[in-house]
Amino acid sequence: AKLAGRNRAVEYRSEFDANAVERLQLVRHLRDALDNGEFTVLFQPQFGCDGRPLGIEALVRWQHPVRGLLAPAEFIGACEESGLMQQLGRQVLLEAASHHVRLVEAGLSGLRIAVNVSAAQFTEELYTDVEYVVRTLALPRGALELELTESAVMQSPEHAITLMQRLADLGVCFSIDDFGTGYSSLAYLKRFPIDRLKIDRSFVQDLDRNAQDAAICRSIIELAKSLDIGTVAEGVETVQQERWLRDHGCVALQGYLFGRPQRFDALLDDLRARGVE
Ligand code: C2E
Ligand code: CA
Ligand code: CA
Ligand code: CA
C-alpha cells in the first residue's frame, strides 16, 4: 500500500509538472500572439423589442496560426493569471472602438459598442486606455459601453464607484454582465452608475420550461425597472424565449436567434439586409 501510494504521488507529480509546462508554453505563445497581433474581435448585435439594433458586443478571438480561430475559454484564464489581460484588453478596446467611424458612415451612429472588461483589467490603467481611445477616436458620449462583472465591481465597491464615475465623465456607459450569477449587494447596485443589467444566458436558456429561471428573469427585469435602468437578455435562441422576454418588459435581446458573433463587415451587411440604415 505504501508503494502504491508513493507511485500515485509520483504520477500526480509528473501530471502536475506536465500541466505546468503546458501552462508556461501557453503563456509564452500568448505573449508572442499579442506582439504579432493575432487577436481579433467578432461582433454580436443587440436588438430592442421593436427590432431596432441598439448595440454590438465585441467578443475576442485568437486567430491561432495552427489551431484556427480560438474562443476566449481557451486563453482568457491564462491571460488573467499571467498578467497579460491588461495588454489584451487594450488591443480589444482599440480594435472594437475603431469601428465606430464605420457605424457612423453606415448611418448607425446611435449603436453602442460594448467591450468586456474582466476584474483583472478594472484598474487605473483601464482609465488611461479608455481616455486615450475616447480622445484619439473622438468617440461621442454613449458610443462605448463597458461590460463589467459583479465580481469586478464588488471586490472593492468604493473604488469601483469612483473609477466608474470618472469613466462615465468620459462618456462611457456600463452594463453588469452575467447578472444574477454573482452576488451583488442591492445597496451598492443603486450607487453604481450602471445603465443596464445583462441577464445571464444560464437563466434565459430554460426560461420557458423552468419556473425558477422564469422567476429569476422576472425579478431581474423588475429590479432594473425599479432602478430605472435597462436590461439585455443574453443567449436568446428561440422565438419562445424572445416572446417571453418581450412580454415581460426586457429592453434588449441578444443571441443566436438574432445573430452569431461575426466579422464587423458581415455584421454591417446583415444590419443593412434587415433594412435598418
Ligand atoms: P459573455 O460576456 O457572457 O459573452 C456571451 C457568450 O455567449 C459569448 O461567448 C457568445 O459568443 C456566447 N453567445 C452569444 N449568444 C449565444 C446564444 O444564443 N447561445 C449560446 N450558446 N451562446 C451564445 P464567447 O464569445 O465564447 O465568450 C465567452 C466569454 O469570454 C464572455 O462571456 C466573456 O466573459 C469573455 N470574453 C469575451 N471577449 C472578451 C474580451 O474581449 N475581454 C474579456 N475580458 N472577456 C471577454
Ligand atoms: Ca459580455
Ligand atoms: Ca454570460
Ligand atoms: Ca462574462
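Order of appearance sets the numbers: ligands from 1, and atoms from 1 within every ligand. Computed from heavy atoms alone, side chains included, the values below leave out hydrogens, waters and symmetry copies.
If you check each of Tyr256, Phe39, Phe75 against atom 18 (O) of ligand 1, the one with the closest non-hydrogen atom is Tyr256.
When only modelled atom types and interatomic distance are considered, Arg263 and Thr40 share a side-chain donor-acceptor pair under 3.5 Å. Side chains of Glu57 and Asn116: a donor on one and an acceptor on the other come within 3.5 Å.
On a distance-only criterion, Gln254 and ligand 1 share no N/O pair closer than 3.5 Å. The distance criterion of under 3.5 Å between nitrogen or oxygen atoms is met by Gln44 with respect to ligand 1.
Within 6.0 Å of atom CD in Gln25, more than 12 heavy atoms from other residues, nucleotides or ligands are found, so the atom counts as buried in its surroundings.
Its N, O or S atom nearest to the Ca ion (ligand 3) is what matters here, and for Glu234 that atom is OE1.
When non-hydrogen atoms are compared, ligand 1 lies under 4.0 Å from neither the backbone nor the side chain of Leu257. With a 4.0 Å heavy-atom cut-off, ligand 1 is reached by the backbone of Val60 and by its side chain too.
Every residue meeting the ring-ring contact (aromatic ring centres under 6.0 Å, His included) condition with Phe264, not counting sequence neighbours, appears here in chain and number order: Phe43, His99.
Using a 4.5 Å cut-off between side-chain heavy atoms of Ile, Leu, Val, Met, Phe, Trp and Tyr, Leu69 falls into a hydrophobic cluster with Leu42.
For ligand 1 and Ser118, the ligand atoms under 4.0 Å from any heavy atom of the residue are 44 (N). Close contacts of ligand 1 with Gln121, meaning ligand atoms under 4.0 Å from a residue heavy atom, involve 44 (N). For ligand 1, the atoms lying closer than 4.0 Å to a non-hydrogen atom of Gly255 are 15 (N), 18 (O). Those atoms of ligand 1 with a heavy atom of Glu237 less than 4.0 angstrom away are 17 (C), 18 (O), 19 (N), 20 (C), 21 (N). Atoms of ligand 1 lying under 4.0 Å from at least one heavy atom of Pro261, given by number and element, are 11 (O).
We find that Glu242 and Arg246 are joined by a salt bridge, their nearest charged nitrogen and carboxylate oxygen being less than 4.0 Å apart.
Considering the Ca ion (ligand 2) as centre, the angle to OE1 of Glu147 and to OD1 of Asn116 is 90° (10° rounding).
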